[in-house]
Amino acid sequence: ADIIETNTFNAQSISLADYGMESLAYELSKAGAECARRAADAVEKAQPGRICFVAGAIGPTTKTSSISTDVNNPGARGTNYDELVKAYGEQINGLLDGGADLLLVETIFDTLNAKAALAAIREVFNEDGLAAGGRELPVMISAAVGRGGETMISAQTIEAFWTAVRHAKPFSVGLNCSLGPDLMAPFLRELAEKADVAISCYPNAGLPNPLSPTGFDLGPEDMARYLSGFAREGILNIAGGCCGNTPEHIAAIAKALEGVAPRRAPAAEDCGVEGAA
């Protein structure tokens, strides 16, 4: 792998509060980034010429800011935008201090949660004094989709989702987790057509299956076939695997993609985007 994620998917206070561990959010985020940093540095040292990047993983939290938690009160929420921004900001500071190379807002099922994460990223970057040479890292954005291509709870179409987050000017946008690469394919194609940035895809290894050796339907050769197919179709820049993918899956994907040209992002005007940088 050229990019590894930190093990910090739920390392923010909102999720950690489920276990009475909210005070450890910064510490766990920083430690997760440091652990991944050591692994990446070890690979680079052992294999001269390799460059490995650490992606600071920022998950959707265990709560939604878009849907009521009380059937008798449409306005009830488990959390709100300001709480999310604060929690994400603490996590992001930990990831940066631990040595992350980029920030990955992933498995998005509620676009409002994701927008809070993106706002927190911008706040942290600004607080670090960009004018004085402070830190600003590339940002990757990745959504989870249902069978109809909707972003789960927020139920946006792919085009609506991209419209909602493109203001953050991410390095890449993509899809992960979800139902596996086969069911994800048409929505990945739509995103590749609409977005004028790099496209990422790291699906689950198919649907969960307790009778499978890995707990999921697709083996390494299956994932390699699907992901290399996306790449050869010209709709992919970054490929990987989510739930159910083992080191053997990732190795097979990497081998299948050797020598395949990455997608060329369309110009903004070809995406129907006005005033894009």
Side-chain angles (χ1 to χ4, degrees), residues 3 5-18 21-34 36-37 53-66 77-144 151 153-154 156 160-174 176 195 197-198 200 275-277:
I3 302 172
E5 291 190 43
T6 58
N7 189 12
T8 56
F9 188 82
N10 271 321
Q12 30 60 31
S13 60
I14 292 174
S15 295
L16 291 172
D18 293 347
M21 297 170 61
E22 56 267 43
S23 63
L24 299 178
Y26 171 85
E27 181 182 346
L28 288 173
S29 295
K30 183 173 183 288
E34 290 172 339
R37 180 80 272 156
F53 299 98
V54 172
I58 302 170
T61 84
T62 54
K63 296 184 178 181
T64 169
S65 55
S66 294
R77 295 291 185 271
T79 187
N80 61 51
Y81 185 84
D82 290 339
E83 291 174 348
L84 286 163
V85 171
K86 181 179 179 181
Y88 278 130
E90 187 176 25
Q91 179 182 28
I92 291 160
N93 275 307
L95 293 171
L96 294 179
D97 291 344
D101 296 305
L102 54 93
L103 297 174
L104 172 56
V105 182
E106 65 168 346
T107 321
I108 297 167
F109 62 77
D110 183 338
T111 306
L112 187 57
N113 284 31
K115 288 173 77 68
L118 296 172
I121 290 171
R122 175 47 50 199
E123 285 187 5
V124 171
F125 286 167
N126 290 344
E127 289 169 1
D128 281 346
L130 296 181
R135 299 170 294 182
E136 180 159 359
L137 303 182
V139 175
M140 300 175 67
I141 300 174
S142 185
T151 50
I153 285 176
S154 48
Q156 288 183 310
F161 166 71
W162 170 236
T163 300
V165 299
R166 64 173 299 274
H167 67 89
K169 299 181 179 178
F171 167 73
S172 69
V173 66
N176 76 288
V197 298
S200 68

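No hydrogens, no waters, no symmetry mates; every other heavy atom, side chains included, goes into these values.
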A.B. asks: Taking all atoms of both residues into account, what is the closest heavy-atom pair of Thr6 and Ala33, and its distance?
C.D. replies: CG2-CA, 3.5 Å
A.B. asks: Quick check: closest heavy atoms across Arg37 and Gly98, and the distance to 0.1 Å?
C.D. replies: CB-O, 4.1 Å
A.B. asks: To the nearest 0.5 Å, tell me how far Thr79 OG1 sits from Leu112 CG.
C.D. replies: 9.5 Å
A.B. asks: Could you tell me whether Glu34 and Lys30 have a side-chain N and a carboxylate O separated by less than 4.0 Å?
C.D. replies: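 Salt bridge: yes.
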A.B. asks: Checking Gln156 side chain against Thr163 main chain: does a donor-acceptor pair fall under 3.5 Å?
C.D. replies: no
A.B. asks: Return the minimal non-hydrogen interatomic distance between Val139 and Leu118, and the atom names on each side.
C.D. replies: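 Of all heavy-atom pairs spanning Val139 and Leu118, the closest is CG1-CD2, 4.0 Å.
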A.B. asks: Does a side-chain heavy-atom distance below 4.5 Å link Trp162 with Pro170?
C.D. replies: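 Yes, side chains in contact.
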A.B. asks: How many angstroms lie between atom CG of Leu96 and atom CG of Leu137, to the nearest 0.5 angstrom?
C.D. replies: 5.5 Å
A.B. asks: If only atom types and distance count, is the side chain of Glu90 paired as donor or acceptor with the main-chain N or O of Asn93 below 3.5 Å?
C.D. replies: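 Answer holds: no.
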A.B. asks: Looking at side-chain heavy atoms only, is the closest gap between Ile108 and Val165 below 4.5 Å?
C.D. replies: no
A.B. asks: Would a distance-only check, ignoring hydrogens and angles, find a side-chain to backbone donor-acceptor pair under 3.5 Å from Asp110 to Ser65?
C.D. replies: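 Side chain of Asp110 to backbone of Ser65: a pair is present.
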A.B. asks: Tell me whether Asn7 contacts the main-chain N or O of Gly32 through its side chain, where contact means a donor paired with an acceptor under 3.5 Å.
C.D. replies: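 Checked: no pair found.
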A.B. asks: Using the side-chain contact (heavy atoms from CB on, under 4.5 Å) rule, take Glu136 and Arg122 through it: C-alpha gap first, then chi angles, then the decisive distance, then the call.
C.D. replies: CA-CA 9 Å; Glu136 180 159 359; Arg122 175 47 50 199; 2.8 Å; yes
A.B. asks: Indicate yes or no for a side-chain donor-acceptor contact from Ser172 to the backbone of Met140 under 3.5 Å, with no hydrogens or angles considered.
C.D. replies: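 Flag not set: sc Ser172 to bb Met140 has no pair under 3.5 Å.
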A.B. asks: Please determine whether side-chain contact (heavy atoms from CB on, under 4.5 Å) holds for the pair Phe161 and Val173, giving the CA-CA distance in whole Å, both sets of side-chain angles, and the decisive distance to 0.1 Å.
C.D. replies: CA-CA 10 Å; Phe161 166 71; Val173 66; 4.0 Å; yes
A.B. asks: Looking only at heavy atoms, which two atoms of Ala116 and Tyr88 are closest? And how far apart?
C.D. replies: C-CD1, 4.1 Å
A.B. asks: Show the nearest heavy-atom pair for residues Ile3 and Ala55, with the distance to one decimal.
C.D. replies: CG2-CB, 3.8 Å
A.B. asks: Which heavy atom of Ala11 sits nearest a heavy atom of Leu28, and at what distance?
C.D. replies: CB-CB, 4.2 Å
A.B. asks: Among residues at least two apart in sequence or on other chains, which ones pass salt bridge (charged side-chain N to carboxylate O under 4.0 Å, His left out) with Lys63?
C.D. replies: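 Counting only residues at least two positions away or on another chain, Lys63 forms no salt bridge (charged side-chain N to carboxylate O under 4.0 Å, His left out).
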A.B. asks: How many angstroms lie between OH in Tyr26 and CD1 in Ile92, if you round to the nearest 0.5 Å?
C.D. replies: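 Tyr26 atom OH to Ile92 atom CD1 measures 13.0 Å (nearest 0.5 Å).
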A.B. asks: Would you compute the distance between atom CD1 of Ile121 and atom CG of Asn126 and round it to the nearest 0.5 angstrom?
C.D. replies: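 It is 12.0 Å, given to the nearest 0.5 Å.
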A.B. asks: For the backbone of Thr64 and the side chain of Arg77, can you confirm whether one donor and one acceptor N or O come within less than 3.5 Å of each other?
C.D. replies: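 Checking the backbone N and O of Thr64 against the side chain of Arg77, no donor-acceptor pair under 3.5 Å is found.
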A.B. asks: So, do Asp18 and Asn10 sit near enough that their side-chain heavy atoms are less than 4.5 Å apart?
C.D. replies: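 No - every pair of side-chain heavy atoms lies 4.5 Å or more apart.
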A.B. asks: Could you list the residues that satisfy side chain to side chain contact (heavy atoms under 4.5 Å, CB included) with Glu27, not counting sequence neighbours?
C.D. replies: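 Leu24.
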A.B. asks: Heavy-atom count check: over 12 atoms from other residues, nucleotides or ligands less than 6.0 Å from Phe9 CZ?
C.D. replies: yes
